[in-house]
2 protein chains.
Amino acid sequence: MMVDAITLVNGRTVTAEHAAVVGRTNAAVCCPSVLAAPLDARSAGQLARGFGALGDPVRLRLLSMLAAAPAGEICVCEFVAPIGKSQGTVSHHLRILSEAGLVHGDRRGKWVWYSLDHARLAQLRSALDTQP
Amino acid sequence: MMVDAITLVNGRTVTAEHAAVVGRTNAAVCCPSVLAAPLDARSAGQLARGFGALGDPVRLRLLSMLAAAPAGEICVCEFVAPIGKSQGTVSHHLRILSEAGLVHGDRRGKWVWYSLDHARLAQLRSALDTQP
DNA sequence: TGATTGCATCGACCATCATCAACACATCTA
DNA sequence: TAGATGTGTTGATGATGGTCGATGCAATCA
């Protein structure tokens with residue numbers, strides 16, 4: 001039960017824990033670019049977590065499916081068959097993506113619908129920009 | 001109820017309950033573009049190697065140092081002290097970056113000078129572009 | 001030639017990860 | 001209420017990865 005559910009301005013809801021992770025991420029990764037200036041160890045660690053979440057074929061395919069979804073969201077049950085992994089494994093990868101701030105899960109009834117966090121993707125993309 | 005199972009155009013079935021929550025037509029629920037896995041396993045694997053190489057703080061700092069180098073290249077001996085790892089570890093990370101196509105090593109005399117592959121970086125950056 | 005320097009590689013250790021089966025929990029239906 | 005379904009979690013296991021010290025190899029120098 002989502003006792004800690006938080007309603008966002010866009011109408012979606014996330015758990016308090018989830019919001020805390022995203023909030024911390026947004027605040028911390030306030031634009032460190034890998035290529036613009038020398039990275040300190042802390043910033044490097046935070047960016048590495050984001051890129052590490054992208055460093056798995058299964059997770060890239062999950063993101064790819066989300067990006068191609070007309071409605072911008074897919075429920076977990078729709079992932080399992082195309083990915084070809086067990087439901088537990090898919091849930092595991094979705095959790096890693098969620099903790100990295102790349103996707104958000106929204107429970108509606110029995111199903112949980114996942115959608116991309118385009119802002120977080122833009123952050124990681126800009127981290128690879130040569131220009132500050 | 002189970003007798004209300006709906007057969008989608010792709011042969012899969014969902015319950016009426018499921019379709020109701022989705023709030024869309026059968027065609028919308030079973031959108032083939034989502035189930036067709038836009039990112040095939042091979043492409044996902046290649047991209048994952050690239051992002052996986054970025055998924056380590058030490059390697060991000062190596063890339064950052066290279067980007068900030070006035071001459072655009074740094075010899076291995078100049079990496080070791082700032083990174084704070086053993087020479088063998090630094091060499092290990094440079095090899096991973098090299099195999100991922102992110103850097104190139106050029107031996108001149110006793111020294112090996114590493115430089116960024118900006119094209120490969122741009123390729124990974126564009127892979128995060130959610131706009132087609 | 002022998003010694004030194006810079007870099008790559010190897011072996012070993014430990015941590016982390018990917019995966020699955022099984023289970024736990026919440027939600028919905030009959 | 002009991003049963004079915006969707007999802008998250010746990011435990012176990014094999015694979016992968018990060019790190020270091022030691023070693024190997026090539027280039028340079030005395």
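Note: hydrogens, waters and symmetry copies are ignored here, and every other heavy atom, side chains too, is used. All chains are named by letter (A, B, ...) in the order of the sequence lines, taking the proteins before the strands, and each is independently numbered beginning at 1. Computed from a predicted structure; not experimentally measured.
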Whole angstrom value for the distance that separates C1' of D:dC25 from NZ of B:Lys110: 14 Å
Nearest-Å distance for atom pair NE2/C1', residues B:His92 and C:dA8: 13 Å
Length of the line joining B:Lys85:NZ and D:dG21:C1', which is rounded to integer Å: 15 Å
Proximity to DNA chain C (any heavy atom under 4.0 Å), residues of residues 71-83 of chain B only: B:Cys75, B:Val76, B:Cys77
Test item: B:Val103 and B:Leu62 side chains (from C-beta on) under 4.5 Å apart, heavy atoms: no
Separation of atom CD in B:Gln87 from atom C1' in D:dA22, rounded to whole Å: 11 Å
Residue closer to the 5' end of DNA chain D, B:Ser86 versus A:Val112 (nearest nucleotide): A:Val112
Closest contact, heavy atoms only, B:Leu128 versus A:Arg125: O-NH1, 2.8 Å
Sugar-phosphate only, base, or nothing, as touched by B:Arg108 at under 4.0 Å among non-hydrogen atoms: nothing
Between P of D:dG18 and CZ of B:Arg61, the distance in whole Å: 15 Å
Whole-Å distance separating the NE2 atom of B:His93 from the C1' atom of D:dT16: 14 Å
Selection from D:dG18, C:dC7, C:dT9 that lies nearest to any side-chain heavy atom of B:Asp56: D:dG18
Sugar-phosphate only, base, or nothing, as touched by A:Gly88 at under 4.0 Å among non-hydrogen atoms: base
Touch class at under 4.0 angstrom, heavy-atom based, for A:Leu94 against every strand present: nothing
